[in-house]
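Source: prediction; values computed, not measured. Every chain is numbered from 1, with letters handed out A, B, ... down the list of sequences.
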There are 2 protein chains.
Amino acid sequence: MTMVRFSKKIEYALGTLQFLGMNPNEFYSARELSEILNIPYEFLSKTLAKLAKSKILNSNFGTKGGYQLSVNPKELKFSQILSALDEPINVVECVYGDEDICERSSICMIKTPMFQLQSKINELISSTTLEDLLNFADKSTIQNSEQKVKQVLG
Amino acid sequence: MTMVRFSKKIEYALGTLQFLGMNPNEFYSARELSEILNIPYEFLSKTLAKLAKSKILNSNFGTKGGYQLSVNPKELKFSQILSALDEPINVVECVYGDEDICERSSICMIKTPMFQLQSKINELISSTTLEDLLNFADKSTIQNSEQKVKQVLG
DNA sequence: TGAAATTCCGATTATTTTAATCGGATTTTA
DNA sequence: TAAAATCCGATTAAAATAATCGGAATTTCA
């Protein structure tokens, strides 16, 4: 962290998954999604590819291709989304990792307590699902978004 | 985030506060702490100054000066430590912040759900205290640390 | 069958953030 | 008054994040 801030990559992924969750059974291309959601195309397309590789999205090649949510929003945990996009990262480097990685290891007394905190964070991101993202979406913003879809798709 | 990782600044601060919590009623200079805890002096001294400014540490000038924990570990929340070291930072830029900061604001549907997640994170870092850090410290590492203290202070 | 639209893949560049360092002023002790 | 310390601002170095570039493979459809 600095404190706790999602990277743009994650923020974009969450927004996209939310959109796809609200519009299931339909394929959207990276280009369309980038225009609808106002996200840089080159960047978003890499994120989409990763989500597809992790089977969170279905993807199709070709002119009619694109992406589609492949899982039930209720079953898609934040922790899965995060692991699809990044190597697992913990509050401190040595949690779950090689202790030799830090030269302070032998005298560092925060490892075990940090392990405890990490568990709580893991619990939090495992108990939050895409469904939560869908349920709490703000209504007026949903309307704005739907208008943008019409504008982009014509 | 990338995912959730404390900055070195925070990691150093936690380790230092833990050490000072285990050795109350005594002043340690930035130089001593940097040697005992194996943390770059220049960097640590800035961190200590911030903690002192936030009244988490007592500080004294001069040759016999140094730092000392000024609060009860049970009363010192992680959230206080984090705010002492950084501007408040949230899971996404717009939470609690100016919406105009993000050009996607009008169509971004994750704001409200992110607000919910932020609350849970805030709750977590408010319910974790320095005492937790002290309680869960690993015993064998404490011994290593105590040896290091003798080695440094003679 | 071939042009267009797409996903996919690797590499590079630019930007921002984090980490570390430098120089020096102020305060206290002895 | 010299030494040891906190304090303060600025700069530099390193690392991580964000964005871009170039092109290969796949599918659609005229």
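Look at CZ on B:F43: it is 16 Å from C1' on D:dC8, rounded to the nearest Å. B:L51 has its CG atom 14 Å from the P atom of D:dC8, to the nearest Å. In this structure, A:E35 places its CD atom 14 Å from C1' of C:dA5, rounding to the nearest Å. Distance CG (A:L57) to P (C:dT6): 17 Å, rounded to an integer number of Å. Look at CD on B:E42: it is 7 Å from P on C:dT21, rounded to the nearest Å. To the nearest angstrom, C1' of D:dA15 lies 17 Å from CD of A:E87. Atom CZ of B:R31 is separated from atom C1' of C:dT21 by 12 Å (rounded to the nearest Å). Across the protein-nucleic acid pair, B:E11 atom CD and C:dA20 atom P stand 10 Å apart, rounded to whole Å.
Heavy-atom distances to DNA chain C give each of B:F61 and A:S59 a nearest nucleotide, and the one nearer the 5′ end belongs to A:S59. Heavy-atom distances to DNA chain C give each of A:K46 and B:K64 a nearest nucleotide, and the one nearer the 5′ end belongs to A:K46. A residue-by-residue look at A:G62 and B:G66 shows that B:G66 has its nearest nucleotide of DNA chain D further toward the 5' end.
Under the 3.5 Å distance criterion, the side-chain polar atoms of B:E32 are left unmatched by any main-chain donor or acceptor of B:V152. Judged purely by atom type and a 3.5 angstrom limit, A:D132 uses its side chain to pair as donor or acceptor with the backbone of A:T129.
With C:dA4, D:dA4, C:dA20 as the choices, the nucleotide that has an atom nearest any side-chain atom of B:T63 turns out to be D:dA4. Among the nucleotides C:dT29, C:dA19, D:dA18, the one closest to the side chain of B:K9 is C:dA19.
Here the CG atom belonging to B:N38 is positioned 12.5 Å from the CG atom belonging to B:L33, to the nearest 0.5 angstrom.
Look at B:Y12 and you'll find a side-chain N or O under 4.0 angstrom from OP1 or OP2 of C:dA20. Taking only side-chain nitrogens and oxygens, A:S7 comes nearer than 4.0 Å to OP1 or OP2 of D:dA18. For D:dA18, the OP1/OP2 oxygens have no side-chain nitrogen or oxygen of A:Y41 closer than 4.0 Å.
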I'd like a table of donor-acceptor pairs (distance under 3.5 Å, sequence neighbours excluded) in which one partner is a side-chain atom from residues 46-63 of chain B, with atom names and distances.
from  : atom 1 : to    : atom 2 : distance (Å)
B:T47 : OG1    : B:F43 : O      : 3.3
B:K50 : NZ     : B:L85 : O      : 3.3
B:S54 : OG     : B:K50 : O      : 3.3
B:N58 : ND2    : B:Q68 : OE1    : 3.1

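The environment of CD in A:E123 is sparse: at most 12 heavy-atom neighbours from other residues, nucleotides or ligands sit within 6.0 Å.
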